[in-house]
Amino acid sequence: MDQTILLLNKQSCLDQLTKLGINYILHNYEPTPVFEHHIKIQMSDDTTYIKNLLYVDNKSNYYLILANHTTKIGKLFLKNLGLQLGNIKLSEEEQITEELKSSKDNFSLFALFNDSNNLIKNIIIDEELTKFKRVLLHLIENTNIVVITFDDLQNKFLKTLNKNYSILQLRDITDQQTLEQQNKQTLAITVKKSDFTEWYQQVIRKGELIEYYDVSGCYILRPWAYFIWEQIQRYFDDLIRTEDVENAYFPMLLPSKYLIKKQDHVQVQKAEIAWVTKQGQNILNEPLAIRPTSEIIMYPAFAKWIQSYRDLPLKVNQWTNIIRWELQQPTPFIKTREFLWQEGHTAHQRREEAIKQVYTILDFYEQVYNELLAVPVIKGIKTESEKFLGADFTTTIETIIPQNGRGLQCATSHHLGQNFSRMFDINFEDDKKQKIYVWQTSWGLTTRSIGAMIMFHSDNKGLILPPRIAKYQIIIIPIIQKDIDQILLINRCEQIKQILIKLKLRVYIDSRDNYSIGWKFNKWEQKGVPIRLEIGPEEFKNNQVTVISRFNNKKYQITIQELNQLNQILDNIHNSMLKKAEIELNQKIKNADNWNEFMLQFNQRNTILTKWCERTQCEQQIKTKSGQESKEKDLKFDGLIQPSKGASALCMPLKQDQIIEGQKCFHCNQQAKKYVLWGRSY
Ligand code: 86X
């Protein structure tokens, strides 16, 4: 390398990378206290953030350690190198500043470009980093990071600079005990629920609901999660059967010519459509869209099936997957590119019938959330700008995630009027041989519901499943100890299981002998099983079991004769969970009579119920202004900071006070018409 000291700035760093033939992606972010949080969002599973640590021993040898950001460097490890934490002397610090144009606290790898005197001879790479494909590095300027491959870091960056390095394990492994502690650490959820994004990711993976997959926005639903969906299906199917809705299945591909018809509501969202364009290597003559919803697929068939009023009402439902190519940050269950749902579509002879159908279904959705998932919801009507464009009006159930105050649409039920029946020619002849267009409804509920349940109910230890959707409602753990015959104990567990099965409870005995009792307790807590039954020597002797409730940690004994109380105990748990969630939800709803009060609450991550004039223009102004004045910054998928998302109208709740003449809109002071709930939405 030549001797000229480089002026280290963003551009020169990037130029160096280019010179070395390293491809990189550059990210900008605003320097904020929550830097760590931003980094996490930008990282996919195969990417990690490197922290650079500079050490010096008492012979003034410098060591640069490149560690994974989660690695805790062991004291013993450092001691073996002759190093201690924070032992850089003032004179040495001056040397770094002088020669490398860098400080020990804000040391960037790029400072190595300036190390022409070879001050840093020893570079140590954390073994952990070898598990990742890509790494994030700080540029010399605090507000920029680059992503490069780990391979390029080793083989292009360090090799070209002629730096030797060794890959070592930085964590201390002294004895078996620390090893076990480490195992336990990696097993436990490492953050609190208040660190919400990270917490959620850990809960769904350690609770064995989700496995990650290599298509962004698509996730594997593991059996533990899929069972929940099956429970929702069963429950909702039973409800809609009482309304004579029939299940059917329509194809998932839709010919592009169907989309060309001038349907405004479709054009708007067209960017989200994924296409099938090839068969093997051959380009298809007609590309096929993958359903983002099925109106266009179903309604031509409806037109064929409906000739007379005797063919009405027509009520069809299907359980399918859907693909919508979202560009926002995906969140498992909540915002995914592929999801599962049911979509119901009905056609009626009369308008009132259709409207009644819309609200009956809305009630069913509320029941799914309350009775099955123990999640409280708010029934309401969407504003004109938030409704489905193809509908006369859209009803919705909404909830609020207590940790971040975000509004979450839980399900929706539309009154379509005659909009689609005119477009697709779905009509019948009445008694007087007059052609009448049918009145339609459509409604949908998705796997997002599972996300809402997880967010409401889980805690620092992991999932807490409401009893009615848990694959196992009760986990039986035999406490095997030396002074008891193992076979007798397992037999007792088996007897108890049989009793519980007769009570129609879902039970599993964890008698695995390769896991400790503590490990099992932890695992089933993370998986959120509502009740744990412990059966050890004491319980065996007394014909008892110890009952522990996951929800409130209550622990008590009951006799085998009292096992039939468990149905009631589980129902009580469900009710308590719903109660607790209702209180949490209500705490996130505040009132405001003017803009200042509104923004105060909005900035505290609350939703706000206000009187409103019902004008779209006013709604748009509220959204823009609240976004501009908001203290929050929202991140988009590509890692760049976007202007904060403003307040949107979540819904106009069905249950609301009458507004009287003279009461004003909180924003524009015109005559108010309705109460609206505002919030940042998912
Ligand atoms: C709106 C309307 C409606 C049946 C439901 O909300 C419940 C079940 N469908 C769905 N919607 C779209 O129409 C839509 C269309 C396209 Cl092309 C798209 F890419 C995304 C969409 N998202 C929602």
Side-chain angles (χ1 to χ4, degrees), residues 217 232-233 236 240 245 247-250 252-276 287-302 314-328 330 334-347 354 357-362 364-365 368 379-398 408-417 419-421 423-424 426 440-449 651 681-682:
I232 294 172
Q233 288 184 309
F236 189 71
I240 58 178
V245 179
N247 281 333
Y249 186 80
F250 291 76
M252 79 147 133
L253 297 177
L254 86 130
S256 43
K257 65 164 190 262
Y258 280 27
L259 281 163
I260 294 164
K261 286 192 184 177
K262 50 168 182 9
Q263 292 151 358
D264 290 334
H265 57 279
V266 171
Q267 298 301 328
V268 177
Q269 287 150 314
K270 236 175 152 177
E272 290 180 9
I273 300 179
W275 291 88
V276 177
L288 300 165
I290 302 173
R291 62 175 163 228
T293 176
S294 304
E295 282 79 1
I296 303 179
I297 300 169
M298 291 179 156
Y299 295 168
F302 280 25
L314 176 69
K315 302 188 184 186
V316 179
N317 177 65
Q318 66 172 354
W319 294 93
T320 73
N321 61 341
I322 286 292
I323 291 192
R324 291 180 189 168
W325 217 256
E326 291 272 356
L327 295 178
Q328 289 182 35
I334 300 292
K335 199 176 279 259
T336 59
R337 285 180 172 170
E338 181 178 2
F339 56 86
L340 304 180
W341 78 349
Q342 62 65 222
E343 54 178 316
H345 298 259
T346 68
Q357 185 73 84
V358 167
Y359 286 106
T360 305
I361 296 294
L362 196 68
F364 289 172
Y365 286 149
V368 169
K379 287 192 283 188
I381 298 180
K382 285 286 187 189
T383 60
E384 273 304 298
S385 64
E386 296 285 340
K387 76 167 190 188
F388 172 34
L389 278 169
D392 276 4
F393 66 89
T394 292
T395 67
T396 178
I397 54 174
E398 304 275 330
L408 187 73
Q409 181 167 34
C410 290
T412 169
S413 176
H414 310 286
H415 176 65
L416 302 177
N419 305 329
F420 282 94
S421 61
M423 207 149 40
F424 287 88
I426 314 174
Q440 287 179 274
T441 78
S442 80
W443 21 280
L445 167 75
T446 79
T447 33
R448 170 179 271 200
S449 50
C651 73
S681 70
Y682 262 103

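Indexing begins at 1, ligand by ligand and atom by atom, following the structure's order. These numbers come from a predicted model, not from an experiment.
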N or O pair under 3.5 Å between E295 and ligand 1: yes
T412: numbered ligand 1 atoms lying under 4.0 Å from its heavy atoms: 6 (O)
Numbered atoms and elements of ligand 1 in range of I273, under 4.0 angstrom, heavy atoms: 17 (Cl), 19 (F)
N or O pair under 3.5 Å between T293 and ligand 1: yes
S442 neighbourhood, listing ligand 1 atoms whose heavy-atom distance to it stays under 4.0 Å: 3 (C), 4 (C)
Test log, rule side chain to side chain contact (heavy atoms under 4.5 Å, CB included), inputs I232 and S449: CA-CA 9 Å; I232 294 172; S449 50; 3.6 Å; yes
Rounded distance [0.5 Å steps], CD in Q342 versus OH in Y365: 3.5 Å
Proximal atoms of ligand 1 relative to E272 (non-hydrogen, under 4.0 Å): 19 (F), 20 (C)
T346 side chain vs S442 backbone, donor-acceptor pair below 3.5 Å: no
P292: numbered ligand 1 atoms lying under 4.0 Å from its heavy atoms: 16 (C), 17 (Cl), 18 (C), 19 (F), 20 (C)
Smallest separation among heavy atoms of E326 and T336, with atom names: CG-O, 4.3 Å
Distance in Å, I361 CD1 paired with T395 OG1, rounded so as to fall on 0.5 Å steps: 9.5 Å
For ligand 1, the portion of W341 having any non-hydrogen atom under 4.0 Å away: side chain
For E343, the ligand 1 atoms whose distance to one of its heavy atoms is below 4.0 Å: 4 (C), 8 (C)
Side-chain donor-acceptor pair present, T412, W443, cut-off under 3.5 Å: no
Donor-acceptor contact below 3.5 Å, side chain Q318 vs main chain F250: yes
